[in-house]
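Worksheet for the structure shown next.
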Amino acid sequence: MDEQFARDVMHGLSTTPKYLHSKYFYDQRGDSLFQQIMELDEYYLTDCEFEIFQNNKEDLLQHVTTNGKPFDLIELGAGDGTKTKILLKYFLEQGADFTYKPIDISNNALNLLHRDLAQNIPTLKIETLQGEYFNVLSHIESIPGKNKLILFLGSNIGNFLKPVAEDFLTRLSTILAEGDMLLLGVDLTKDPAVIAKAYNDSKGITREFNLNLLSRINRELKGDFNLNNFEHYPFYNPVSGTARSFLISKTRQTVTIDRLNASFHFEAWEPIHTEYSHKYHLSELSKLATDSGFKVLKNYTDSRQYFVNGLWRVAHNI
Ligand SMILES: C[S@@+](CC[C@H](N)C(=O)[O-])C[C@H]1O[C@@H](n2cnc3c(N)ncnc32)[C@H](O)[C@@H]1O
């Protein structure tokens, strides 16, 4: 049993309002469901970032290799690396000297990624690092000598509350050196109807992805959640620019989780909050960069202006 998972579930279900942390979506089933989500037209984020990388890989490489030094390409929350592969292949074709270091909390995702890359890009130097962003970031501190390009894609930054995102980026800039860079993928504010569909697709895969959190508790912590008694409820607030996902208890019920030695009572229509996905304005992002010790070098956007990949350079003395 993962002790941290048990502790966090205990805390989240004992708190009012109840919550479960979104990082726990990604067990083996969750990884596979997320891959299906990325293939949905409604989940526009993947297509946007794909387009941005296809159109800007050359410019990006020029910025990253201006000083001619070898570099580490460190990806936070790499998942299956679908979009990253565009950059990896292009950078290698151009003779760039780099090592790819994907970090992910999901061992399953890292193993699949490692196997896939060993097979499809055999000349790639790769070192996988399993763990939470914050824990593995301390390893990054101790890697000497080379320049670093950090990738934080897929709008993963949107899963943090905005002040937490600023703290995270500040911590990142602090442990990086002058000249290191960050490529940050961020979902932009847009038509609320487009955003709402991305979290409530017509095939019901995001619904299954959200409910899988309860299945995971049943599997790993011996819970007795009846999934039929819960509904997926995503909600986008255009004022705050925040998409939030909930699981709603459709009935008054008590759920027992054996490995926690605990039972949890739910009122009818009581929510469990499971995810934030914050959207940003471009102007907010340049302030965020400055406030967290970076300077924006370039903003690459897709043709619909739905998404941005900001290339930021560490700028401690601003
Ligand atoms: C939304 S997916 C995005 C994957 C990839 N970056 C992309 O853009 O396609 C989030 C990934 O980050 C990982 N992840 C989520 N929270 C994490 C955390 N706190 N520490 C490390 N990895 C995390 C998940 O396991 C998952 O593979």
Side-chain angles (χ1 to χ4, degrees), residues 2 4-5 7-8 12 19-40 42-54 73-88 100-114 116-117 128-140 149-161 164-165 167-169 171-172 182-187 198-199 201 205-206 208-210 212-213 216 234 243 245 274-279 300 302 306-310:
D2 179 335
Q4 188 63 45
F5 178 46
R7 270 197 299 275
D8 288 348
Y19 75 93
L20 292 168
H21 199 293
S22 61
K23 67 186 173 195
Y24 294 120
F25 281 135
Y26 301 94
D27 65 348
Q28 196 169 349
R29 177 87 188 119
D31 289 338
S32 149
L33 286 166
F34 188 70
Q35 282 183 311
Q36 294 173 47
I37 289 173
M38 288 201 299
E39 282 165 21
L40 297 167
E42 288 143 310
Y43 195 77
Y44 55 84
L45 292 84
T46 310
D47 285 347
C48 293
E49 214 166 23
F50 206 82
E51 178 193 328
I52 291 170
F53 287 0
Q54 285 291 7
L73 187 57
I74 299 165
E75 180 161 10
L76 306 178
D80 72 355
T82 310
K83 295 157 293 181
T84 312
K85 279 190 266 182
I86 299 172
L87 301 183
L88 298 175
Y100 178 50
K101 300 188 175 180
I103 295 170
D104 206 290
I105 197 171
S106 164
N107 227 344
N108 172 63
L110 281 180
N111 289 338
L112 293 173
L113 178 63
H114 196 282
D116 175 22
L117 293 174
T128 55
L129 298 163
Q130 194 270 329
E132 283 220 33
Y133 307 134
F134 285 97
N135 296 341
V136 185
L137 280 175
S138 55
H139 281 272
I140 297 176
L149 170 62
I150 309 287
L151 303 184
F152 199 27
L153 309 180
S155 211
N156 282 17
I157 191 76
N159 296 143
F160 296 135
L161 289 169
V164 180
D167 288 349
F168 179 89
L169 292 165
R171 185 166 173 197
L172 184 60
L182 166 68
L183 185 66
L184 184 66
V186 186
D187 199 15
Y199 299 93
D201 66 279
I205 300 174
T206 35
E208 215 182 317
F209 180 66
N210 203 11
N212 178 56
L213 259 176
R216 179 173 185 181
S245 293
T274 56
E275 188 175 37
Y276 291 104
S277 303
H278 292 287
K279 313 299 166 192
Y300 302 103
D302 61 294
Y306 277 6
F307 197 93
V308 64
N309 282 101

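Atoms considered below: every heavy atom in the structure, side chains included; atoms not considered: hydrogens, waters and symmetry mates. Atoms within a ligand are numbered from 1 in the order they appear, just like the ligands themselves. Remember, predicted model here, so these are calculated numbers, not experimental data.
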Starting from [atom], which protein heavy atom do you reach first, and at what distance in Å?
{"atom": "atom 8 (O) of ligand 1", "answer": "K83 NZ, 2.6 Å"}
{"atom": "atom 1 (C) of ligand 1", "answer": "Y26 OH, 3.0 Å"}
{"atom": "atom 22 (N) of ligand 1", "answer": "I105 N, 3.1 Å"}

Heavy-atom contacts under 4.0 Å between [X] and ligand 1: side chain, backbone, both, or neither?
{"X": "N156", "result": "side chain"}
{"X": "F34", "result": "side chain"}
{"X": "Y133", "result": "both"}

CD/Q28: more than 12 non-hydrogen atoms of other groups inside 6.0 Å:
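Not buried by this count: 12 neighbours or fewer within 6.0 Å.
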Mind checking what makes side chain to side chain contact (heavy atoms under 4.5 Å, CB included) contact with D27, not counting sequence neighbours?
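Partners of D27 under the side chain to side chain contact (heavy atoms under 4.5 Å, CB included) test: R29, N212, R216, R219, E220.
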Sequence neighbours excluded, which residues qualify as side chain to side chain contact (heavy atoms under 4.5 Å, CB included) partners of T46?
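Here the qualifying residues are M38, Y43, K83.
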Please work out which of G77, A78, G185, G158 has its closest non-hydrogen atom nearest to atom 6 (N) of ligand 1.
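Ranked by closest heavy atom to atom 6 (N) of ligand 1, first place is G77.
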Just verifying a value: how many Å separate I150 CD1 and L169 CG, rounded to the nearest 0.5 Å?
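Going from the CD1 atom of I150 to the CG atom of L169 covers 11.0 Å.
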L87 CG to E75 CD distance, which is reported to the nearest 0.5 Å
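Going from CG on L87 over to CD on E75, the span is 9.0 Å.
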Could you check L88 against L73 for side-chain contact (heavy atoms from CB on, under 4.5 Å), going step by step and ending with a plain yes or no?
CA-CA 9 Å; L88 298 175; L73 187 57; 3.5 Å; yes
Atoms of ligand 1, numbered as shown, that sit under 4.0 Å from any heavy atom of [X]:
{"X": "G131", "answer": "20 (N), 21 (C)"}
{"X": "M38", "answer": "9 (O)"}
{"X": "G154", "answer": "8 (O)"}
{"X": "E132", "answer": "19 (N), 20 (N), 21 (C)"}

Applying a strict 4.0 Å limit to heavy atoms, is D104 in contact with ligand 1?
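A heavy atom of D104 does come that close to ligand 1.
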Heteroatom proximity flag, D31 to ligand 1, N/O under 3.5 Å
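For ligand 1, there is no N or O atom that lies under 3.5 Å from one belonging to D31.
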Would the distance check show the side chain of Q130 and the main-chain N or O of I105 forming a donor-acceptor pair, the cut-off being under 3.5 Å?
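Yes: the side chain of Q130 pairs with the backbone of I105.
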Can you confirm whether or not the ring centre of F25 sits under 6.0 Å from the ring centre of F34?
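No.
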Walk me through whether F307 and Y300 qualify under ring pair (Phe, Tyr, Trp, His ring centres under 6.0 Å).
CA-CA 8 Å; F307 197 93; Y300 302 103; over 10 Å; no
